[in-house]
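I have placed the structure first, in the form of structure tokens, so that the comments after it can refer back to it.
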Protein chains: 2
Amino acid sequence: MSGFKIPGITVYRLGLYARVLEQFLEEGRELISSDELAKECGVNSAQLRKDLSYFGQFGVRGIGYSVPQLLKHIRRILGTDREWLMVIAGVGHLGQAFLNYNLLAKRGFKFVAAFDIDEKKIGMVVNDVYVYSIEQLPYVLREHNVEIGVITTPAKAAQEVADLFIDHGIKGILNFAPVRIQHPPHVVVEHSDITILFDKLAFYVHRLD
Amino acid sequence: MSGFKIPGITVYRLGLYARVLEQFLEEGRELISSDELAKECGVNSAQLRKDLSYFGQFGVRGIGYSVPQLLKHIRRILGTDREWLMVIAGVGHLGQAFLNYNLLAKRGFKFVAAFDIDEKKIGMVVNDVYVYSIEQLPYVLREHNVEIGVITTPAKAAQEVADLFIDHGIKGILNFAPVRIQHPPHVVVEHSDITILFDKLAFYVHRLD
DNA sequence: TACTGTGAAATATTTCACAGCA
DNA sequence: TGCTGTGAAATATTTCACAGTA
């Protein structure tokens, strides 16, 4: 069932479902229907059930889903039922925002080191994470089992940093620099250009009339 | 041609094309083919041409596109050929990252005010933007023609801030809080949950083997 | 009864392939 | 010749609608 190709958008929605289920879990909710969960996520309930059906059967007909169990299943599917070690390159404002974003750590995404080229930043400690010179990256990555690298450098530096990451065993890159990263097929790269979100919003506001 | 429904993903890609065209323009490039631009954006060239065809004909057969003119056209389509005034609620690390993100200002997205409820933050000036108490929002919005509101508060506060925004004439909201915002149809809301990007990356790295 | 799980139908999006034109 | 623009075909995704079942 899970050997098939999964639409990227389905993977995204699984993350969304997990986030909403976490809220319901905190409220002590035991059961939920696809209708209610879907509504809360802003999607169609058939779509939610179809998304889940790529991976198995997690509900009970006539009843619904157990909130804690469905969350557990989704986490196992996403691979977020364990800790992920990460490094980040670029300790500007956005980089510091990620280093301080404790919700990430709460979900198992832990930064073990940060890198920069700015002398003033090297040696800083941001939310318990030490900022190294980028030259020390090979050494630091040898010491820890880091799988994810986050790029919050300016566009100019992004490809170089990505190449360093890839050469030293990073398997997945989250790139927030506004430039597309070239990479071999055995490395996963997710791009997120925040400025494009503003463009998209402008388009729709523009056309409201 | 533009009265038809435009896929959201097409709007997103227009932003992507604009970003890449800006780079080519800086390099002094005059002409570009759909093939080259598409490759640089990681999309199929027929798709690029189809995206543009929703809005008109901007190229020359046998030749390609004029870089500055195509950029101008896309900016007009997106509505980013003018200035957009914005406010932001939540001056935490992410909020400060946006306030300091000069690329936004360069593209015409200008913050005129920031808001927070933390006494320690009220009165701060971040990159020339004053931080007001959230209570002053009605007054500030009356003074400026602000169309976009950005939410970088914790999840708990997001809906309340959105309601305030909407009550005081904001037309578009960019929500970075990890919660879905309820809103009337005459207000556009774009959601961006950064933690879900990490989930998605985990999924694909997890399955690499 | 009240829900899930899922084929089938409907819809949306992408890609092909080629006519049209500088 | 070498490109764009675009119908048509192919593919992907969403939604419907209902059988199955606690």
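Naming convention: chains lettered A, B, ... in sequence-line order (proteins, then strands); numbering from 1 in each chain. Note that this is a predicted model, so its numbers are computed, not measured.
- With 3.5 Å as the limit, one finds a donor-acceptor pair spanning the side chains of B/Ser45 and B/Arg49.
- Phosphate contact (OP1/OP2 of D/dG5, side-chain N/O of B/Tyr65, threshold under 4.0 Å): present.
- Note on ring orientation: taking the six-membered ring where Trp is involved, the planes of B/Phe198 and A/Phe111 are perpendicular (angle over 60°, cut-offs 30° and 60°).
- Remark: aromatic rings of A/Phe98 and A/Phe176 are close, center separation under 6.0 Å.
- Look at A/Lys72 and A/Asp81 and you find no salt bridge, because none of the NZ, NE, NH1 or NH2 atoms lies under 4.0 Å from a carboxylate O.
- Going from atom CZ of B/Phe58 over to atom P of D/dG5 covers 8 Å, rounded to whole Å.
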Under 3.5 Å between N/O atoms: give me all the protein pairs with nucleotides 19-22 of chain D, atom names plus distance.
from	atom 1	to	atom 2	distance (Å)
D/dG20	O4'	A/Arg61	NH1	3.4
D/dG20	N3	A/Arg61	NH1	3.2

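- As rounded to whole Å, 11 Å separates atom P of D/dC3 from atom NZ of B/Lys39.
- Closest to the A/Ser34 side chain, of the nucleotides C/dT4, C/dT6, D/dG5, is C/dT4.
- Atom NZ of residue B/Lys106 and atom OG1 of residue A/Thr195 lie 10.5 Å apart, to the nearest 0.5 angstrom.
- Look at B/Gln57 and you won't find any side-chain N or O under 4.0 angstrom from OP1 or OP2 of C/dC21.
- Annotation: the span from B/Arg76 atom CZ to A/His206 atom NE2 amounts to 9.5 Å, rounded to 0.5 Å.
- Applying the ring-ring contact (aromatic ring centres under 6.0 Å, His included) criterion to A/Tyr204, with sequence neighbours excluded, gives no partner residue.
- Residues satisfying the side-chain hydrogen bond (donor to acceptor under 3.5 Å, both in side chains) criterion with A/Asn175, sequence neighbours excluded, are A/His191.
- In this structure, B/Gln47 places its CD atom 13 Å from C1' of D/dT11, rounding to the nearest Å.
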Output one line per pair: protein atom, nucleotide atom from nucleotides 16-18 of chain C, and distance, for all N/O pairs under 3.5 Å.
from	atom 1	to	atom 2	distance (Å)
C/dA17	N6	B/Arg49	NH2	3.3

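- Within the 3.5 Å criterion, the main-chain N or O of A/Thr80 finds no donor-acceptor partner in the side chain of A/Arg107.
- Within residues 7-29 of chain A, no residue is approached by DNA chain C to less than 4.0 Å at the level of any non-hydrogen atom.
- Across all their heavy atoms, B/Ile77 and B/Leu14 have their closest contact at CG2-CD1, 3.9 Å.
- Under the rule for a side-chain hydrogen bond (donor to acceptor under 3.5 Å, both in side chains), the partners of B/Glu83 that lie at least two apart in sequence or sit in another chain are B/Lys110.
- The nearest whole Å value for the distance from the CG atom in B/Asp35 to the P atom in D/dT1 is 18 Å.
- Counting to the nearest Å, the C1' atom of C/dT4 and the CG atom of A/Asp51 are 14 Å from each other.
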